Structure formats: structure tokens, C-alpha cells
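Please read the structure below before turning to the comments.
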Amino acid sequence: MERLVTTPFGQRPVTAGLLKAAARANDAPALPHIDKWELLRTLCTARAAFEITDREIGVLEALLSFHPEKMLGGNADMVVFPSNRALTERCHGMAESTLRRHLARLVDTGLILRHDSPNGKRYARRDPDGEVLRAFGFDLRPLLGRAPEITQAAQVARVAAERLRSLREQVSLQKRDAQKLALYGLEQGYIGPWEDMLVDLLDVTRLMRRKLSLAELEEVGARVSELLDQVLHFISEAEEMSGNDAVSERHYQNSNTDTSDLEPCLEKSREADVDAPKTANSMGGKPEVPIPLGLVLRAVPEALEYAQGPINSFADLSRLGAFLRGMIGISPSAWDDAVDAMGPEVAGLTVCCLLQRIDDIRAPGGYLRKLTEQAQIGKYSVARVVMALIQSPAVAGREN
């Protein structure tokens with residue numbers, strides 16, 4: 001086939017990158033044969049190095065699908081000339097304007113080369129035997145020519161990904177140690193800022209739900225390591241002072257809170273209590289959740305992100321609350337008292353509500369005890385708490 005490298009059709013300008021890609025394609029020796037799909041998978045791993053997106057990888061995959069052979073290589077014809085409509089179909093209905101943008105990006109990165117016809121259309125001229133004499137479309141030869149570079153970049157990406165995975169694993173383990181040891185210190189009544197540290201660790205948990213870069217993860221790792229050192233310091237100091245297993249219940253004093261800093265929707269309101277629906281607790285029994293599960297789940301999206309499976313019942317929600325209570329610094333005794341006063345379902349929902357507004361609550365353990373006291377005299381309405389959360393800007397904005 002006669003090879004032509006033409007200037008762009010229409011208003012597209014000639015660029016230095018275009019000339020460089022054309023020269024590379026023309027001057028390259030015969031290239032080895034490479035499985036086109038294997039090369040595409042390698043490029044997918046190395047895509048960050050070439051500054052291309054998944055969508056551009058998808059467009060390149062569609063172009064490769066128009067090449068009739070599985071292998072790219074040698075001096076074989078590697079120009080494909082599908083119409084935009086055909087490409088759109090193989091890109092699962094991608095908008096044509098978006099398709100053009102991604103094609104232009106693939107050309108700019110030097111992974112493909114554009115051969116424009118005199119009228120800008122893509123087509124091939126053939127001889128009487130059907131052999132292609134001249135084709136106008138997209139040349140895949142630059143992709144093959146850069147295969148060694150793509151392979152090397154993919155290897156670098158794999159090493160970086162492994163380093164990121166290893167660091168994330170290390171940070172997760174240190175975070176777990178810090179959380180469980182801080183909870184141990186809280187439960188044993190050791191002197192220390194346990195609740196503050198548990199709230200800090202909860203913030204770390206939220207951060208790690210995001211896709212962090214290596215630099216960001218290193219920063220989080222340094223923060224977790226510092227928190228773990230603090231936890232170990234306070235535990236070591238407390239055990240040296242105690243010298244025995246009989247420690248006081250000082251965590252009750254540590255849980256005292258300034259109600260002005262707490263969750264607004266959980267503040268005690270005598271006026272609201274007058275209008276609140278009576279629960280079974282006020283009649284000598286344990287209250288039941290007086291609102292539909294679907295409404296409850298809308299109120300606590302933060303808690304649901306920690307669920308290990310679907311929440312299909314209030315029993316599931318109770319188990320989630322039992323799991324979350326340790327994460328936010330609620331001791332087993334405070335949880336047991338809440339379950340005794342409220343019942344497991346209301347207690348679990350209450351803990352989920354506390355997590356939803358954890359940024360506004362300085363001492364979740366101490367505040368749960370206050371709510372438990374209200375529940376013991378029939379003055380606690382979990383329905384009011386849930387409705388206030390649903391109407392809060394954080395939850396309402398998330399639904400919109």
C-alpha cells in the first residue's frame with residue numbers, strides 16, 4: 001500500500017507533535033508482531049504515564065477492532081478507516097462530539113496518526129484485486145512503535161501500584177491497632193484523650209474510603225502512626241501507674257460533655273417531649289422504632305457506608321450500631337446500658353445517628369449515657385432524632 005502522511009483536513013493545525021509522530025512512523029524499521037489486545041491491556045495499565053483516560057482507551061479499543069488481524073507488526077497495513085457512526089456504535093453509543101475529542105487526544109499523545117483525505121472523509125482506494133492501494137483514516141503504527149515505551153511505563157505503574165497497596169495495608173493495620181487499643185484504654189478507665197483520638201481515627205477511616213494518591217496516603221500514614229504512638233504512650237503510662245487489674249471507672253468522668261457543642265437535633269427539648277409520641281418505654285417496656293426502615297436509612301448514610309451487607313431490617317441496623325459503637329468511642333458498658341433502656345433496635349439506630357453527626361459531638365460515649373437516662377424515664381424519642389437528621393442540610397443535600 002502506498003503510504004501518505006498528509007496535513008490535517010479543515011481547520012485543524014499542523015503541530016510539532018504531529019510532525020514528530022509522522023516522522024517516527026515513516027522512519028521506523030519493520031516492527032515485531034505484537035498481539036493488539038495484549039498491547040491495549042498493557043497501555044491500560046500505563047495510561048497515567050500517557051495522560052489518557054479510560055474513555056480514550058475505549059475509543060482506541062474500537063479502532064483496533066477495525067483492524068482485521070489479531071497481530072500488529074511488520075510492514076503490514078495498519079490504517080483503519082471507520083466512519084464516526086461505526087465508531088460510535090462500537091463505543092456503545094458515545095456522543096459524536098465526545099468521540100471527536102477523544103480521537104484528537106489519541107492523536108495528540110502520538111499513539112495514533114491521522115491520514116486525512118482531500119475531503120476529510122475516511123476511505124480506501126483498492127486495485128482490481130481488492131488490495132488497498134491508499135487508505136485515509138487512522139494509522140495504528142505509532143501505537144506499535146511505542147510498544148517498548150508502553151511496556152516500560154506499565155512496569156513502573158505496577159511497581160507504584162504495589163507500593164500504594166502495601167502502604168495502604170500498613171496504614172489500615174496501624175489504624176486498627178490504634179482504634180482497638182484506644183477503645184481498650186477507654187474501657188479500662190485509663191487516663192487519656194481516648195474519645196478525641198477515636199474521633200481522629202474515624203476521620204482517617206473516612207479519608208481512606210477515597211482513592212488517595214501515594215503522597216496523600218503517606219501523609220495519612222504519618223498521622224495514623226502518630227496517633228498509634230500516643231495511644232501506646234497513654235496505655236503504657238496508665239499500666240505503670242495502676243500496677244494491677246483493678247482500675248476505676250474514670251471513663252464516666254471522661255465522657256462528660258458540654259451540651260452546647262453537641263448534635264443540635266439530639267438536644268433535650270422539654271417542649272418537643274410534650275408533643276413526641278409515647279414509646280413503650282414510658283409504659284414500663286422497651287421502645288420500638290416507630291418509623292419505617294426506609295425513612296431511617298435515608299437519615300444515616302454515613303453509617304450505611306460501614307455496613308458489611310444490605311440492611312434489610314432493624315435487627316441488621318442494631319448489629320451495625322453494635323459494630324460502630326467501638327469506632328466512635330462508646331464503651332461496652334455504655335452500649336449495654338443503652339440496650340437495656342432502649343432495646344437493641346433503638347440503641348443501634350441511636351449509635352448510627354451519633355455517627356451521622358460525629359463532627360458535632362465531642363464525646364459520643366458520654367452523650368449516649370445522657371440519652372439512655374432520658375430513655376429510662378420515657379423522655380427519649382428516636383423518631384424526632386431521625387426526622388431532624390433527614391431535614392439537615394448534609395442529608396438533604398446528599399439526596400439532591
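All values reported here derive from a predicted model rather than from experimental measurement.
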### Message
Quick check: do Trp37 and Leu64 have side-chain heavy atoms less than 4.5 Å from each other?
### Response
yes
#### Entry: Same apolar cluster: Leu164 and Leu212, side chain cutoff 4.5 Å
yes
### Message
Using the side-chain contact (heavy atoms from CB on, under 4.5 Å) criterion, which residues pair with Ser213? Sequence neighbours excluded.
### Response
Ala215, Glu216
#### Entry: Pairs involving residues 317-336, ordered by first then second residue, that meet salt bridge (charged side-chain N to carboxylate O under 4.0 Å, His left out) (sequence neighbours left out)
Glu187-Arg325, Asp316-Arg319
### Message
Looking at Pro344, is its backbone amide N or carbonyl O close enough to the side chain of Ser318 to form a donor-acceptor pair, meaning the two atoms are under 3.5 Å apart?
### Response
yes
### Query
Between Arg223 and Glu219, does at least one N-O distance fall below 4.0 Å, as a salt bridge requires?
no
### Summary
Sorted by chain and residue number, the side-chain contact (heavy atoms from CB on, under 4.5 Å) partners of Leu232 (sequence neighbours excluded) come out as Leu181, Leu228
### Task
Quick one: list whatever passes ring pair (Phe, Tyr, Trp, His ring centres under 6.0 Å) with Tyr306, sequence neighbours left out.
none
### Message
Side chains of Trp194 and Val231, heavy atoms from C-beta outward: is any pair under 4.5 Å?
### Response
yes
### Task
Would you check if Arg114 and Phe138 make a side-chain contact, meaning some heavy-atom pair closer than 4.5 Å?
yes
### Task
Taking Thr151 for its side chain and Ala147 for its backbone only, find out whether a donor-acceptor pair lies under 3.5 Å.
yes
### Message
With rounding to the nearest 0.5 angstrom, report the CG to SG distance, Leu324 to Cys352.
### Response
5.5 Å
### Message
Could you check whether any side-chain heavy atom of Ile330 comes within less than 4.5 Å of a side-chain heavy atom of Leu354, counting everything from C-beta outward?
### Response
yes
### Task
Give the intermediate values and the outcome of side-chain contact (heavy atoms from CB on, under 4.5 Å) for residues Leu140 and Leu144.
CA-CA 7 Å; Leu140 302 173; Leu144 183 60; over 6 Å; no
### Message
Among residues at least two apart in sequence or on other chains, which ones pass salt bridge (Lys or Arg N to Asp or Glu O under 4.0 Å) with Lys180?
### Response
none
### Query
Hey, which of Val204, Leu201, Val224 is the one that makes side-chain contact (heavy atoms from CB on, under 4.5 Å) with Gln174?
Val224
### Pairwise distance CE(Met78) to CG(Leu63) - rounded to 0.5 angstrom
14.0 Å
### Message
Among residues at least two apart in sequence or on other chains, which ones pass side chain to side chain donor-acceptor pair (under 3.5 Å) with Asp54?
### Response
Arg47
### Message
Heavy-atom count check: over 12 atoms from other residues, nucleotides or ligands less than 6.0 Å from Arg158 CZ?
### Response
yes
### Summary
Scanning both residues in full, the closest heavy-atom pair of Gly137 with Val79 reads N-CG1, 3.9 Å
### Query
Please walk me through it: do Gln170 and Leu173 pass side-chain contact (heavy atoms from CB on, under 4.5 Å)?
CA-CA 5 Å; Gln170 176 184 338; Leu173 290 172; 5.9 Å; no
### Distance, nearest 0.5 Å, that separates CZ of Arg146 from CD of Glu149
4.0 Å
### Message
Restricting to side-chain contact (heavy atoms from CB on, under 4.5 Å), what partner residues turn up for Ala153, sequence neighbours left out?
### Response
Ala46, Ala49, Phe50
### Task
Under the side-chain contact (heavy atoms from CB on, under 4.5 Å) rule, what do Val171 and Val220 come out as? Steps first, then yes or no, please.
CA-CA 8 Å; Val171 173; Val220 172; 4.2 Å; yes
#### Entry: Min side-chain heavy-atom separation Phe314-Val296 under 4.5 Å
yes
### Query
Can a salt bridge be assigned to the pair Glu38 and Arg41 using a cut-off of 4.0 Å between side-chain N and carboxylate O?
yes
#### Entry: Expected output: side-chain Lys36 to main-chain Glu61 donor-acceptor under 3.5 Å
no
### Message
Using side-chain heavy atoms (C-beta onward) and a distance below 4.5 Å, is Val351 in contact with Leu320?
### Response
no
### Summary
CZ of Arg176 to OG1 of Thr205, rounded to nearest 0.5 Å, is 12.5 Å
### Query
Going by atom types alone, do Ser333 and Arg369 pair a side-chain donor with an acceptor below 3.5 Å?
yes
Got a list of side-chain donor-acceptor pairs under 3.5 Å for residues 85-102, not counting sequence neighbours?
unit_1	atom_1	unit_2	atom_2	d
Thr88	OG1	Asn84	O	2.8
Arg90	NH1	Ser65	O	3.2
Arg90	NH1	Ser65	OG	2.9
Glu96	OE2	Asn84	ND2	3.4
Glu96	OE2	Arg100	NH2	2.6
His102	ND1	Glu56	OE2	3.3

### Task
With sequence neighbours left out, write down each residue that passes salt bridge (Lys or Arg N to Asp or Glu O under 4.0 Å) with Arg55, or none if nothing qualifies.
none
### Summary
Smallest heavy-atom separation, Leu198 atom then Gly326 atom, equals CD2-O, 4.0 Å
### Query
Is there a path of hydrophobic side-chain contacts, each under 4.5 Å between heavy atoms of I, L, V, M, F, W or Y residues, that connects Val156 with Ile57?
no
### Task
Determine whether the aromatic ring centres of Phe81 and Tyr123 lie less than 6.0 Å apart.
no
### Query
Taking the side chain from Gln179 and the backbone from Met327, do they hold a donor-acceptor pair closer than 3.5 Å?
no
### 4.5 Å side-chain heavy-atom contact, Thr350 and Leu371
yes
### Summary
Residues passing the side chain to side chain donor-acceptor pair (under 3.5 Å) test with Asp35, sequence neighbours excluded, are Lys70
### Summary
Minimal heavy-atom distance between Phe234 and Gly192, with the atoms involved, is CD2-CA, 3.9 Å
### Query
By side-chain contact (heavy atoms from CB on, under 4.5 Å), which residues pair with Glu218, not counting sequence neighbours?
Arg163, Leu167, Leu214
### Task
With rounding to the nearest 0.5 Å, note down the distance linking CG in Leu143 to CG in Leu106.
9.5 Å
### Query
Is the backbone of Leu368 close enough, under 3.5 Å, to the side chain of Thr372 for a donor and an acceptor to pair up by distance?
yes
#### Entry: ILVMFWY cluster, Met71 and Leu43 together (side-chain gap under 4.5 Å)
no
### Message
Test side-chain contact (heavy atoms from CB on, under 4.5 Å) on Val59 and Leu103; report intermediate values, then the result.
### Response
CA-CA 7 Å; Val59 172; Leu103 286 170; 3.6 Å; yes
#### Entry: Separation between OG of Ser117 and CZ of Arg122, rounded to the nearest 0.5 Å
9.5 Å
### Message
Does any part of the side chain of Pro142, heavy atoms only, come nearer than 4.5 Å to the side chain of Leu111, both counted from C-beta?
### Response
no
### Task
Provide the closest heavy-atom pair for Thr45 versus Ala157 in the form atom of the first, atom of the second, distance.
O-CB, 3.5 Å
### Query
Would the number of heavy atoms belonging to other residues, nucleotides or ligands and lying under 6.0 Å from CD of Glu51 be above 12?
no
### Message
Once side chain to side chain donor-acceptor pair (under 3.5 Å) is applied, do any residues pair with Gln308, and if so which ones, sequence neighbours excluded?
### Response
none
